[in-house]
Amino acid sequence: MQSIRIGTDPAFRYLLRLGDTCLILGQRIGEWCGHAPILEEDVALSNMALDLIGQARAVLTHAGRVDGRGHDEDQLAFLRNEADYCNPTIAELPRGDFAFTTLRNALLATLLKHLWQCLQDSSDAELAAIAGKAVKEARYHQQHAGDWVVRLGDGTPESRRRMQQALDSLWPYTTELFVPDAVDEHAHVSRLGPRWADVEADWLDDVRQMLAAADLELPAQAGRFRSTGRLGRHSEHMGYLLAEMQYLQRSYPGGVW
C-alpha cells in the first residue's frame, strides 16, 4: 500500500514528535509481553505499553486534524515512511536486556512526565486535555521503572554491572532530546507546548536523584555523536521495527477489527 503524504506545519510536527515517541516506545515495551523475568512484571510492562499506545492514539488523532489532510490515527501510525517519523532515536533502539529496558523506560517516562505537566497549560485545549490524563500515567511509569533501576543498580554485582552498561549505552542518545530547533521554537512562541530543552534541568535533576539512589555513575557527556531521530533521520533499527509494526495494515489495506 502506498505511503501517505504528510505536511510540514511546525505545530503538526511538534505533535508528531510527542505521539511518535509514545508510539515507538510502546512498540518496544510491548515486545516484552510473555518474556519478562516475572509474571507481575510481564503484566506491568504490557500495561505500560498500552498506556503509551493510548497516548499515541490521542495525540496522532489530534495531529491528523491539525494537518488537515484527513488522516486518522491508524494512517499516521502505520502508513508513513521511515523519514516521516519524529521520535528520538533512543525510543527505537532494540529492547535489549531487562536492565536496558527499565532504564530507557525511566529516562523517557521522566521526560514525558515533565512534558505532559507543561502541556496541561497548552493554548491547544485538546492537547491540554490529553496531557491531563497522560501525566498521571507517566508519573506511574517513572516511579515503576525508577524503582527497578534502583533495585538492580543497588543489587548484586551482576545486576549493577548490567545497569551501568545500559546507562553507558543509552546516555549518548539523551543529548538529542534537548536540542532546540524551529519546531520547538514555534511551539513555545504559540504556547502550544514547551521547547523540550525547557524541561532539561528538571529532567536531569530527577535522573541524577534516581542514579544516585541506584549507586550508578553518570557517564561523561563526551564525543561529537548526535542522534537525529526527531528530524526523521533514524538508526538502522527503525526500518525493522516499522516492517513489523506496519505489516498487517500494509498487507490488508483499510482493514478494521
Side-chain angles (χ1 to χ4, degrees), residues 16-37 41 44-46 48-53 55-56 77-78 80-113 115 138 141-142 144-146 148-149 152-153 159 161-179 196 200 203-204 207 210-211 214 216 218-247:
L16 285 186
R17 285 183 179 177
L18 187 61
D20 289 348
T21 300
C22 297
L23 176 68
I24 300 304
L25 181 62
Q27 177 75 11
R28 280 304 189 206
I29 296 176
E31 293 175 1
W32 278 96
C33 184
H35 299 281
E41 193 59 21
L45 286 170
S46 296
M48 285 190 284
L50 288 173
D51 286 343
L52 288 163
I53 297 301
Q55 293 166 22
F78 300 125
R80 277 181 285 160
N81 290 323
E82 178 180 319
D84 291 326
Y85 286 82
C86 302
N87 57 280
T89 303
I90 189 174
E92 72 201 38
L93 299 176
R95 76 178 193 188
D97 63 10
F98 189 63
F100 186 94
T101 288
T102 54
L103 182 60
R104 173 167 57 184
N105 289 356
L107 294 174
L108 289 180
T110 301
L111 170 68
L112 288 169
K113 180 193 76 170
L115 289 175
H141 295 183
Q142 179 196 33
H144 183 88
W148 271 108
V149 171
L152 295 174
S159 69
R161 182 191 69 79
R162 289 194 178 211
M163 188 57 70
Q164 185 65 54
Q165 183 180 56
L167 179 57
D168 293 341
S169 297
L170 284 166
W171 195 250
Y173 291 94
T174 62
T175 300
E176 177 193 354
L177 302 176
F178 307 109
V179 175
W196 286 28
E200 182 178 11
W203 175 85
L204 191 56
V207 169
M210 175 185 68
L211 297 180
L216 296 173
L218 190 66
Q221 193 65 276
R224 305 174 73 176
F225 169 76
R226 295 291 184 273
S227 53
T228 54
R230 295 200 311 162
L231 301 177
R233 297 192 294 270
H234 295 280
S235 70
E236 66 272 24
H237 310 293
M238 186 67 168
Y240 294 102
L241 182 151
L242 292 179
E244 181 174 347
M245 191 177 82
Q246 296 181 346
Y247 173 78

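These numbers come from the heavy atoms of this one structure, side chains and all, not from hydrogens, waters or symmetry mates.
Annotation: ring pair (Phe, Tyr, Trp, His ring centres under 6.0 Å) contacts of Trp203 (sequence neighbours excluded): Trp171, Phe178. Judged as a side chain to side chain donor-acceptor pair (under 3.5 Å), and not counting sequence neighbours, the contacts of Gln142 are Thr110, Lys113, Asp206. Taking Arg161 as the reference, Glu158 meet the side chain to side chain donor-acceptor pair (under 3.5 Å) condition, with sequence neighbours excluded. In this view, Asp20 and Arg80 satisfy the side chain to side chain donor-acceptor pair (under 3.5 Å) rule, not counting sequence neighbours. Taking Phe98 as the reference, Trp32, Trp148 meet the ring pair (Phe, Tyr, Trp, His ring centres under 6.0 Å) condition, with sequence neighbours excluded. For Ala91, the side-chain contact (heavy atoms from CB on, under 4.5 Å) partners are Ile24, Leu25, Asn87, Leu108, not counting sequence neighbours. Take Ser169 and apply the side chain to side chain donor-acceptor pair (under 3.5 Å) test, not counting sequence neighbours, and it matches no residue.
Contact record, Ala49 with Gly26: CB-O, 3.5 Å, taken as the closest heavy-atom pair. Shown here for Glu176 and Thr89, the closest heavy-atom pair between the two residues is OE1-N, 3.1 Å. Taking each heavy atom of Ala145 and Thr102 in turn, the nearest pair found is CB-O, 3.6 Å. The shortest heavy-atom contact between Leu16 and Cys86 is CB-SG, 4.0 Å. Nearest heavy atoms, Ala56 versus Gly19: CB-O, 3.5 Å.
In this structure, the separation between CG on Leu204 and CG on Leu218 is 7.0 Å, given to the nearest 0.5 Å. For the atom pair Met48 CE and Leu45 CG, the distance stands at 4.5 Å (nearest 0.5 Å). In this structure, His35 NE2 and Thr101 OG1 are separated by 11.5 Å, a value rounded to the nearest 0.5 Å.
Inspection of the Asp51 and Gln55 side chains reveals no N or O donor paired with an N or O acceptor under 3.5 Å.
Remark: the backbone N or O of Arg226 is not paired with any side-chain donor or acceptor of Thr175 at under 3.5 angstrom. A side-chain donor-acceptor contact under 3.5 Å links Tyr85 to the backbone of Ala77.
Leu112 has its side chain within reach of Leu52: a pair of non-hydrogen atoms, C-beta onward, lies under 4.5 Å apart. With contacts defined as side-chain heavy-atom distances shorter than 4.5 Å, the pair Leu111/Trp196 qualifies. Considering only heavy atoms from C-beta on, Thr174 stays 4.5 Å or farther from Val207 through its side chain. Between His237 and Leu93 the shortest side-chain heavy-atom distance falls below 4.5 Å. No side-chain heavy atom of Tyr173 sits under 4.5 Å from any side-chain heavy atom of Leu107. Between Arg233 and Met238 there is no side-chain heavy-atom pair separated by less than 4.5 Å. Taking the side chain as every heavy atom from C-beta outward, Arg17 and Leu231 approach each other to under 4.5 Å.
Pairs engaging residues 91-104 under the salt bridge (Lys or Arg N to Asp or Glu O under 4.0 Å) rule: Asp97-Arg162 [sequence neighbours left out]. Pairs of residues two or more places apart, or lying in two chains, that qualify as salt bridge (Lys or Arg N to Asp or Glu O under 4.0 Å) and include a residue from residues 25-34 are Arg28-Glu31.
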| task | Assess whether side chain to side chain contact (heavy atoms under 4.5 Å, CB included) is satisfied between Leu103 and Leu216, documenting all intermediate values. | result | CA-CA 11 Å; Leu103 182 60; Leu216 296 173; 5.6 Å; no
